[in-house]
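Working notes, beginning with the structure itself.
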Amino acid sequence: MQSAPERAAIEIGGIVQGVGFRPFVYRLANRLGLSGWVRNTGEGVQIEVEGDAAAIEEFRLAVRDEAPPLAVIYQLRAQPIPAAGATGFAIVESARSTAGGEVSPDCDVCDDCLAELFDPDNRRHGYPFINCTNCGPRYSIITGIPYDRPATTMAGFAMCDDCLAEYHDPGNRRFHAQPNACPVCGPHLSLLEPSGAPVCGDALKLALEALSQGKIVAVKGVGGYHLAVDAGNQAAVERLRQRKRRDEKPFAMLAADLEMVRRHAHCSELEGRLLLGVERPIVLMRKLAGSSISDLVAPGNGWFGFMLPGNPLQHLLARGHGAPLVMTSGNLSDEPIAYRDGEALEMLSGIADLFLTHDREIHTRTDDSVLRLYRGEPLFLRRSRGYVPRAVQLPAEQASVLAVGGELKATLCLTRGDRAFMSQHIGDLKNAATLASLEQSASDLQSLLEITPALVAHDLHPDYLSTHYATALGLPAVGVQHHHAHMASCMAENGLEGEVIGVILDGTGYGTDGTTWGGEFLVGGYSRFERHAHFAPLRLPGGDAAVKEPYRMALSALYSLHGDRLFDQPPAVLSEVAQADRPLFLKMLEKGINSPLTSSCGRLFDAVSALIGVRSRISYEGQAAIELEALAEQGGEVEPYPCQVREEWGHVLDFAPAIAAICADLARGRSRADIARAFHRTVARGVLDVCRRLREETGYVRVVLSGGVFQNRLLTEEVAELLAGDAFQVYCHRLVPPNDGGLALGQAAIAGTMQARG
Amino acid sequence: MNDDLILLGHGSGGKLSHQLLDELIIPNLSGVPAAGQNDAALLNIGGVKLAFTTDSYVVDPIFFPGGNIGDLAVNGTVNDLAMMGARPLCLSVGFILEEGFLKSELARIVISMREAADAAGVAIVTGDTKVVPRGKGDRIFINTSGIGAVEHSLSINGAAARVGDKVIVNGCIGDHGIAVLSAREGLEIDSGIKSDSAPLNGLVTELLPLGDALHVLRDPTRGGVATTLKEIALQSGVTVKLSEENLPVNAGVKGVCSILGLDPLYVANEGKLLALVAPERAGEALAIMRRHPLGKDAAVIGEVTESSAGRVVMETMVGGVRGVEMLAGEQLPRIC
Ligand SMILES: [Fe+3]
Ligand SMILES: [Mg+2]
Ligand SMILES: [Zn+2]
Ligand SMILES: [Zn+2]
């Protein structure tokens, strides 16, 4: 018995455009025998279906459950409307086809396309630009809105008849796939000499030959150029290090598949899943003993960073080479990654022997994302390609804010309603090209997402270039304290409201009192905070010079114990300072000349790293602490050192007793790994001690952990376990990095909340 | 920090100083041209073109290697006139003395003022002395004002930089700031770092024949070369590109700066000038400087690369290009 037809209007919000959503709806409606139509709107997708009530209900469920892989549905609203007696189902063109800003991130090749790529009978066999509505480049090639082919860097390629037929067929996987292409009509690979002269022959084959001979090949990827070299070839890796002037910073590698990864690194089930995700991040995994990879790939580091191919060209290269390739960003030491063809040749011609490039332009530079696994959850070190510009859900609606982040790992954040869009990793703003890229990204993101911010949020540091940029915009500007922003960032991504205890273990940041903070215990929420406790301040001898030369922090810590008898002490680190320079060093510490006091936790790790002889000078950011962590992991089950909580106007967590004990252990010849391990436990124990006091004072049990030091997995685990074991509710970062790469999210949440309160 | 109060940074010559001028002082005075502008005012009095300037000196300590507060007060004002291409004529001097200050020290200071004035060829023609109670001042403060004759028809000023101009400095940078710092903090460095305090009017006289090719003259005092170049870039609406490799810095200053973590680009000078010269005459300008006793170590340190929004960038030793900005006050740690 057939009941009278019913009709429903369905509205869907999220990333539902440019991801094959309408053809999916079309096929689904046909399968269920429903009539009606689907169209894109400013907010997402709108559907009307008419037919049997049960079929409509099934349709409603299936739209959510069977949605295409790249679609992300935030909301789905359905309501009954009067039947119209329609027949057939149609995809209706909308007047304005793109949503106010949910742009899909770039995505790896889907299984269907991958099968075609390696199918000798397919017309796209071996074609490095294969894609469909379920996969391929998005964010990096979109030049404007609406998201149509003319608004991508594919605009200059006219589709051939075959491709056009696919593009117009609602039943085809390439229906409205904007970057659709084939060898007849699409982009092509080419191989160039550093001079720019083309090399004749099969570009891919010749590039693979060069790689197997140990040559350095610059490869144009989705978000920018990489430098590729055979990771097993010691001489080749060494040449890359010399030419890139990158002494020790670990290189990431590309492997063809999980099996290849597992020959060189401990790759758990979960890590495997991260590697296989469509985002294709770099995942840090513990090195496997006996790996054939050059020890110059990640010197002094217990971890390898691997990624699996994230685009068709990488699939072809990785399979063709058959062994791990170094795949590091194509830049000079401080410069942003090269992404425009001319600029890449100019910048990398002194590094690369050959350029494997192509004629599909990259519009938006996006570095690879980097993460590691922590307690079964991903921990971002850098959130970029594959994840941006996917939104982070905020706990509440707020005013539209542009937040400009910090200075060293700058990212932007734009908010609309209860969504926060984090930009790609932009980098160190002291570099002129990076600063220009911040300004460009800010305006690109605003137009792409159609957000006009009502206010701008920035760090309190008066000299951060992001602060200069923000305050010159002419918008109402909100200065946000650095560690308050870290705390709010962790709160926001965890959906927390109200007030919490924030344990912010960080490098350095400008405090509300004009001094330099960095080991902070804050109590508060988005709209206010108080500094309840902090690490005991140490001098930062020489300001930023102390960051590059951790021995300065060791000297500073020893000075706090021994004063002007500093150079009479036994630790070997003191020999870093020549006899002739010692009086000046002492004066600098004594008078505080360019040696501000800082409560930094990161600098305390530097001090200990230098003190026990791990690292006195660094060649990349965080190196001293990273190597200290690697050493500590080899330590045994040891007791923590003593530390002390002093009551001043707040609680002051003082590690001077630990430093003294470490010196005694060094003199006794105790294993450095055990010392490093015991130090980690000491910090964790000190954090627990302070948190208990704060719980007594405030009654709060929720603790958020943020700040760059929480990239340290060992410490994060120790802290989280101690706190959780003492009935605290612990929140860590999972969606944005704990370092300054996540700062903008917190700035945006704070500024937006303050605005809402007027 | 309290926004209602004057901070030390408001006197640093950096960003806060500019804000104070632009937001508080200039709007409340009339007839003053916009801030951050030139070292002296140009006046036309009955057809006679004059340059007029004033400056106060509060340096601590008052005696330092290479000079004292007295010759500094003369040279500083002479140099401000010279940077307009003016021939310094006469100075006034005002002393503010703290009760209890030693007469012998005052005498030393006054004598070195006379010597400095003689060396610069200017006369000290009028003055004033006030004494404040013990604790209401810091031993001695000096104000000098100066008048100079403008005998050229060039328009040498901070807004005159043009694309292609070479940036020339007459010698090593940072000596004065480091000499004063070592004396103040008792650093006991025996690398012979002395203040470069000197009158630059003689050197400028040699440069004036470059005529229209001489676009900008500035003395990079407080805030150092970085701050002065940023001012010029902003005033002229150009981008200046420095080369770190070509910056002349004395080995002693370099050594102290590297231990103290200071950037010589931001350290004060008292006997240095920056000249922005059209490229075709730059070689000649450099040769003129090198022949002069105050320009032996002169060097081309950069050039104006494009007309745009007032930027200064520096090509670093490792090949990157970093932005150079005015600081709010002291050099603060920035790395998180
Ligand atoms: Fe930070
Ligand atoms: Mg002056
Ligand atoms: Zn596909
Ligand atoms: Zn085609």
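Reminder, nothing fancy here: chain letters follow the sequence lines and each chain counts from 1.
For Val313(B), the part lying near chain A is the side chain, with the backbone staying farther off; criterion is any non-hydrogen pair under 4.5 Å. Heavy-atom distances place the side chain of Asp740(A), and not its backbone, under 4.5 Å from chain B. Heavy atoms closer than 4.5 Å to chain A are found in the backbone of Met326(B), but not in its side chain. For Glu325(B), the part sitting under 4.5 Å from any heavy atom of chain A is the side chain, from C-beta outward, and nothing else. Contacts of Glu590(A) with chain B are absent, with no heavy-atom separation under 4.5 Å from either backbone or side chain. No part of Leu16(B) comes within reach of chain A, as not one of its non-hydrogen atoms sits under 4.5 angstrom from that chain.
Using a 4.0 Å cut-off between a side-chain N of Lys or Arg and a carboxylate O of Asp or Glu, Arg241(A) and Glu248(A) do not qualify as a salt bridge. A salt bridge between Asp606(A) and Arg603(A) is present, with a side-chain N of the basic residue lying under 4.0 Å from a carboxylate O of the acidic one. One finds a salt bridge joining Arg552(A) and Glu549(A) here, because a Lys/Arg side-chain nitrogen approaches an Asp/Glu carboxylate oxygen to under 4.0 Å. Checked for salt-bridge contact, Glu303(B) and Lys241(B) miss the test: no charged N lies under 4.0 Å from a carboxylate O.
For Ser182(B) (side chain) and Ile178(B) (main-chain N/O), a donor-acceptor pair under 3.5 Å exists by modelled atom type. When atom types are taken as modelled, the side chain of Thr467(A) and the backbone of His461(A) share a donor-acceptor pair closer than 3.5 angstrom.
Among residues 242-259 of chain B, the residues having any heavy atom closer than 4.5 Å to a heavy atom of chain A are, in sequence order, Val256(B), Ser258(B), Ile259(B).
Every residue was checked against the ring-ring contact (aromatic ring centres under 6.0 Å, His included) condition with His483(A), not counting sequence neighbours, and none meets it.
The shortest heavy-atom contact between Leu745(A) and Ser489(A) is CD2-O, 3.7 Å.
The aromatic ring centres of His176(B) and Phe64(B) sit less than 6.0 Å apart.
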**Q.** Candidate pair Thr411(A) and His425(A), rule side-chain hydrogen bond (donor to acceptor under 3.5 Å, both in side chains), full reasoning
**A.** CA-CA 5 Å; Thr411(A) 53; His425(A) 165 83; over 6 Å; no

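For the options Gly543(A), Pro462(A), Ala433(A), Gly622(A), heavy-atom pairs under 4.5 Å to chain B are most numerous at Pro462(A). Counting heavy-atom pairs closer than 4.5 Å to chain B, the top residue among Ala545(A), Gly507(A), Gly602(A), Ala432(A) is Ala432(A). Ranked by non-hydrogen atom pairs under 4.5 Å with chain B, the options Leu408(A), Asp581(A), Leu465(A) are led by Leu465(A). Looking only at heavy-atom pairs under 4.5 Å with chain A, the residue among Gly320(B), Gly261(B), Gly9(B) that has the most is Gly261(B).
Taking the six-membered ring where the residue is Trp, His486(A) and His482(A) present perpendicular rings, their angle passing 60° and hence far from 30°.
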